[in-house]
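Taking it in order: structure first as structure tokens, then the write-up.
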Amino acid sequence: MSALIEMKNNRLMVPDNPEIPYLQGDGIGPEIWQAAQPVLDAAVKRAYQGQREIDWLPLLAGERAHELVDEWLPQQTIMELKRHLVAIKGPMTTPVGTGHRSINVALRQTLDLYACWRPIRYFAGVPSPVKYPERVCIDLFRENTEDIYAGIEAPADSNAAQSLKKWLQETNQLQRVRFPDTAAFGIKPISKEGSQRLIQAAVDYALKNHRHYLTLVHKGNIMKETEGGFKKWGYQLIEKKYAKQTLTMPRLEKIKKEQGEAVAQQVRQQAQAQGMLIVNDIICDNFFQQALLFPEHFDVVATMNLNGDYLSDALAAQVGGLGIAPGSNINFQTGCAIFEATHGTAPQLAGKNCANPTSQILSGAMMLEYLGWGKAAEMIRKAVAQAIAMQKATPDLVPAAAALSTSQYGQLLVKLINS
Ligand code: NAD
């Protein structure tokens, strides 16, 4: 008999037979899910000798939901996701410029899944455009509910744009808009609470996993109140809540100013020797460059929604592309979480049985880890590493002549788990 996962006293209570919803997604979604599910089931069965088993519950969203019930994200689906707390999903189509709003963004906002955590790791044998992809070992925490993703936009010529222009005129700022007659506007909310809860998730993760560096990535030199606020509130939180376990750059700068370079150097060395978390910040464009040149300088990164969106794809490309990078959207306070492949629906590959299901499979492994089923998660990662080392994978990772189809690759992983 399956049962529900619950959050009690800030702890996730996971039964041996949890019912877990899945949303297959659009485009390549169904085929990567069909390859992924048996891999997750095989790992759970092998790791716990059949004592644990997931009872999968299909839920409707995206194109299939639109076809069947004329809704992109049915209320029933949202209700079930809330009731079950933990779920996994495939990619969903979002039309550009027109059409329905992003289902992904709607899910993150409706369920308040504020932390998008994406671990970026290299598997030996994956083709990469950089010289030393093995130096990338970064956990990116992207704020998921704020920023321009709030979707508050005023089309050019609309009443809303007129009202905004009126306010800009009254506050003497309209001259900053280069072409006011034809400008559309977007609103970028960044709050203290929103920033601090995301940064807290990143610090907690870094401390728990003994990572050395936490970097706050922002564009506060230009957007002083929003992205600058993110940085300021981040340091405030860390100084207030984690002063004993961390050394922040502002604190080190103060020591340098008051006691000199040599003392600051000594303090830094001591902090490192004691395993304290070193917290600094960097401007986003510089981060792009530094992460390419010296990825080993970064462990855990916390940033806002738009920066995080760009950065996670760029970092994924460094380790061999979106086909293998997993992701999650989590509210660490309610326990609610949705795990998902980080890539999109890849419409040009849909129905061809050649898409790479690794991102979906590794997202499933993250989900198992989140449930406390780390042994099964580790088995999956080991099987993926083995398959790639053997150069047995989908055509995006190995030469076409030797490539496996999506389903063959999934079957190989099941075999490796069971061997
Ligand atoms: P995409 O990720 O679908 O494709 C980008 C490139 O990566 C393409 O060349 C594609 O072939 C390749 N690719 C992606 N996944 C792959 C896989 N598993 N195996 C092999 N190759 C893979 O991005 P896009 O083309 O910009 O977007 C297509 C659609 O997906 C859009 O509607 C977009 O809104 C949506 N999207 C959804 C999500 C999500 O649901 N989380 C994320 C990104 C994009």
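We count ligands from 1, going down the list as the structure has it; atoms in each ligand are counted the same way.
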Exercise. Do Asn280 and Thr215 have a side chain donor and acceptor closer than 3.5 Å?
Worked result: yes

Problem set entry | Identified side chain to side chain donor-acceptor pair (under 3.5 Å) partner of Glu227 from the options His218, Lys188, Lys219 | Lys188

Exercise. Should you measure from each heavy atom of Asn104, which atoms of ligand 1 turn up under 4.0 Å away?
Worked result: 37 (C), 38 (C), 39 (C), 40 (O), 41 (N)

Exercise. Is there a donor-acceptor pair closer than 3.5 Å between any side-chain N or O of Tyr242 and the backbone N or O of Leu277?
Worked result: no

Problem set entry | Option of least heavy-atom distance to atom 31 (C) of ligand 1 (set: Thr358, Leu349, Thr94) | Thr94

Exercise. Looking at ligand 1, does any of its N/O atoms fall within less than 3.5 Å of an N/O of Thr93?
Worked result: no

For this session: Scan Lys375, Arg381, Lys382 and name whichever one has a side chain to side chain donor-acceptor pair (under 3.5 Å) with Glu378.
Result: Arg381

Exercise. What class does the angle between the rings of Phe298 and Phe287 fall in, given that below 30° is parallel, 30 to 60° is tilted and above 60° is perpendicular?
Worked result: perpendicular

Exercise. For Asn144 and Tyr149, does a side-chain donor sit closer than 3.5 Å to a side-chain acceptor?
Worked result: no

Problem set entry | Aromatic ring proximity Tyr310/Phe288, centre distance under 6.0 Å | no

Exercise. Given the protein's heavy atoms, is any one of them under 4.0 Å from atom 44 (C) of ligand 1?
Worked result: yes

Exercise. Among Pro347, Gly62, Cys354, Gly344, which residue places a heavy atom closest to atom 1 (P) of ligand 1?
Worked result: Gly344

For this session: Report the nearest protein non-hydrogen atom to atom 19 (N) of ligand 1: residue, atom name, distance rounded to 0.1 Å.
Result: Asn356 N, 2.9 Å

Exercise. What atoms of ligand 1 come within less than 4.0 Å of a heavy atom belonging to Gln348?
Worked result: 8 (C), 9 (O), 10 (C), 11 (O)

Seminar exercise, completed: Under 4.0 Å from one or more heavy atoms of Pro91, ligand 1 contributes atoms 39 (C), 40 (O)

Problem set entry | Verify atom 39 (C) of ligand 1: protein non-hydrogen atom under 4.0 angstrom away | yes

Can you give me every donor-acceptor pair (side chain of residues 59-74, partner residue at least two apart or in another chain, under 3.5 Å) with its distance?
{"from": "Glu63", "atom 1": "OE2", "to": "Thr93", "atom 2": "OG1", "distance (Å)": "3.0"}

Problem set entry | Under-4.0 Å heavy-atom contact between protein and atom 26 (O) of ligand 1 | no

Problem set entry | His343 N/O under 3.5 Å from ligand 1 N/O | yes

Exercise. Judged by non-hydrogen atoms, does Lys89 sit under 4.0 Å from ligand 1?
Worked result: yes

Problem set entry | Atoms of ligand 1, numbered as shown, that sit under 4.0 Å from any heavy atom of Ala346 | 3 (O), 10 (C), 11 (O), 14 (C)

For this session: Give the atoms of ligand 1, by number and element, whose distance to some non-hydrogen atom of Met92 is under 4.0 Å.
Result: 35 (C), 36 (N), 37 (C), 39 (C), 40 (O)

Exercise. Is a side-chain donor-acceptor pair under 3.5 Å present for Ser407 with Asn353?
Worked result: yes

